[in-house]
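Comments concern the structure below.
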Protein chains: 2
Amino acid sequence: MKKKDKNTEEKILQAARQAFTSKGLSGARMQDIADTAGINKALVHYYFDSKEKLFALIFEEEFGKFFSNLAAVLTADIPLFEKIEQVVALDIERLSQFPDMPLFVINEVSRNPAMIVERFKQLPIKKVTANFQKQIDEEIKKGAIKNISSDQLLINIQSLSIFPFVAKPMLKSVLQVNEKNYKIMMQMRKKSVATFIIDAIKT
Amino acid sequence: MKKKDKNTEEKILQAARQAFTSKGLSGARMQDIADTAGINKALVHYYFDSKEKLFALIFEEEFGKFFSNLAAVLTADIPLFEKIEQVVALDIERLSQFPDMPLFVINEVSRNPAMIVERFKQLPIKKVTANFQKQIDEEIKKGAIKNISSDQLLINIQSLSIFPFVAKPMLKSVLQVNEKNYKIMMQMRKKSVATFIIDAIKT
DNA sequence: TTGTTTATTAACCATTTGGTTAAATTTCAA
DNA sequence: TTGAAATTTAACCAAATGGTTAATAAACAA
């Protein structure tokens with residue numbers, strides 16, 4: 001039975017990911033996770049101790065997806081406009097793959113801000129933002145783009161990329177588009193959003 | 001004791017709003033709401049029957065704030081650029097006043113999409129979007145703005161306005177700004193976002 | 001083969017939670 | 001003043017929930 005180890009563990013993680021990302025920490029049920037994984041509830045505790053700990057693992061995972069490549073692209077040594085195109089395309093591709101993830105992460109950070117503050121302390125954020133800031137300032141000085149703070153630009157980029165996924169059910173209703181067409185719209189945004197941003201800032 | 005009616009009712013609603021918007025439907029506790037309102041838990045049920053019904057009331061309220069003036073501005077008979085400025089300013093002003101509201105609404109719509117679909121059936125969305133669409137198409141034909149679908153433009157406007165409030169705790173961490181400075185940034189966005197959008201679409 | 005370790009389960013347990021009930025208190029009209 | 005109606009509370013209740021335990025089954029090393 002020892003070979004089943006990884007198998008069971010993985011099944012639990014999969015079920016937990018599904019439960020937590022769709023219902024949140026307080027909405028998810030351990031019994032549900034066990035049922036979905038096709039095992040006894042006690043086994044979930046056997047493998048992962050408590051709900052909190054299991055949740056922390058899932059959060060870590062999803063949080064990683066959220067920020068993994070962003071820093072890399074942001075600090076890459078490429079022209080600004082190209083960088084914007086890459087960040088947007090990367091964001092939207094990742095979000096298309098894991099559509100529940102951003103709302104999940106946002107929720108849990110909102111409900112427990114201390115968690116993220118801790119995690120961020122170990123990341124070289126300042127380096128990333130300072131690097132980006134420098135590139136922006138240079139472009140402004142060159143007269144290639146209008147005057148804008150790198151913080152605000154970063155917020156705009158992430159807003160345009162992420163929000164349509166976070167608010168998907170609402171936007172689908174307002175705009176009265178079905179699932180298929182919404183996905184098509186998101187694919188179009190991979191290019192159109194970058195163009196939108198570049199047009200907004202170039203002189 | 002009859003005069004206390006409105007008073008108690010309002011105290012409960014206030015406590016419920018606080019609980020639901022900060023912790024969501026499943027995270028909020030009836031006992032908590034009663035305690036915050038300074039009354040017995042049974043009284044909450046006396047006035048509002050069930051948790052679900054109380055929640056529905058609060059949701060209705062918050063949802064109203066979300067969409068109240070938007071339709072009015074969108075269908076107003078004013079130039080496009082002016083309209084964009086007004087929508088953004090209105091959005092950000094409202095969101096500054098009720099910062100928990102958008103995440104709350106988005107969450108509950110995500111968890112129960114049927115609810116919003118029902119509600120939207122009674123609203124003249126098609127009229128609003130068709131109206132806006134027409135204005136966009138005219139501006140494109142005039143050559144005043146670039147070619148863009150009104151849906152995508154609407155998504156961009158709402159993304160830039162709402163997302164910074166939805167993701168506030170996360171953005172505060174990433175950008176390492178404190179509460180006061182974040183508020184200042186949001187105030188600046190009332191104008192800068194409109195300019196950003198107009199620059200993005202004008203020819 | 002056998003004894004030890006690991007994995008899995010059924011049955012429980014304590015706590016929390018939404019909700020109810022019956023009694024007490026207050027209000028107010030007659 | 002009195003009695004019915006409305007308001008408020010303390011004490012409960014049943015169901016749900018996270019978690020534990022003790023026993024069983026499987027895996028494996030000797």
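Throughout, protein chains are lettered first and strands after them, A, B, ... in sequence-line order, and every chain is numbered starting at 1.
A salt bridge (charged side-chain N to carboxylate O under 4.0 Å, His left out) check over residues 49-58 of chain A, counting only residues at least two apart or in different chains, returns the pairs A:Asp49-A:Lys53.
B:Asp35 has its CG atom 14 Å from the C1' atom of C:dT16, to the nearest Å. In this structure, NZ of B:Lys53 is placed 16 Å from P of C:dG18, rounded to the nearest angstrom. For the pair A:Asn7 CG and D:dA26 P, the interatomic distance rounds to 16 Å; values are reported in whole Å. The nearest whole Å value for the distance from the CG atom in B:Leu43 to the C1' atom in D:dA6 is 11 Å.
Every residue meeting the side-chain contact (heavy atoms from CB on, under 4.5 Å) condition with A:Asn40, not counting sequence neighbours, appears here in chain and number order: A:Ala42. B:Ser149 pairs by the side-chain contact (heavy atoms from CB on, under 4.5 Å) definition with B:Asp151, B:Gln152, not counting sequence neighbours. Listed by chain and residue number, A:Lys190 satisfy the side-chain contact (heavy atoms from CB on, under 4.5 Å) test with A:Glu93 (two or more places apart in sequence, or in another chain).
Close to C:dT21, at under 4.0 Å from its OP1 or OP2, lies no side-chain N or O of B:Tyr46. OP1 or OP2 of C:dA7 has not a single side-chain nitrogen or oxygen of A:Thr8 nearer than 4.0 Å.
Remark: DNA chain C forms stems of 3 or more consecutive Watson-Crick or G-U wobble pairs, all pair distances under 3.5 Å, at C:1-30 with D:1-30.
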Where along nucleotides 16-23 of chain D does protein come under 4.0 Å, by heavy atom, of base (B) or sugar-phosphate alone (S), with - for untouched nucleotides?
-SBBBB--

Taking only distance into account, with no hydrogens and no angle test, what donor-acceptor pairs under 3.5 Å do side-chain atoms of residues 98-111 of chain B form with protein atoms, sequence neighbours excluded?
residue, atom, partner, partner atom, Å
B:Asn107, OD1, A:Asn107, ND2, 2.7
B:Asn107, ND2, A:Asn107, OD1, 2.7
B:Asn107, ND2, B:Leu103, O, 3.2
B:Ser110, OG, B:Ile106, O, 2.9
B:Arg111, NE, A:Ser22, O, 3.4

Show me, pair by pair, the donor-acceptor contacts under 3.5 angstrom made by side chains of residues 77-89 of chain B, not counting sequence neighbours?
residue, atom, partner, partner atom, Å
B:Lys83, NZ, B:Leu74, O, 2.6
B:Lys83, NZ, B:Ala76, O, 3.0
B:Lys83, NZ, B:Gln135, OE1, 2.6

Name every donor-acceptor pair, under 3.5 Å, that has one atom in a side chain of residues 55-62 of chain A and the other anywhere in the protein, sequence neighbours excluded.
residue, atom, partner, partner atom, Å
A:Glu60, OE1, A:Arg119, NH1, 3.1
A:Glu60, OE2, A:Arg119, NH1, 2.8
A:Glu61, OE1, A:Arg17, NE, 2.8
A:Glu61, OE1, A:Arg17, NH2, 3.2
A:Glu61, OE2, A:Arg17, NH2, 3.4
A:Glu62, OE2, A:Lys65, NZ, 2.9

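Look at B:Glu179 and B:Lys168 and you find a salt bridge, because one of the NZ, NE, NH1 or NH2 atoms lies within 4.0 Å of a carboxylate O, short of that distance.
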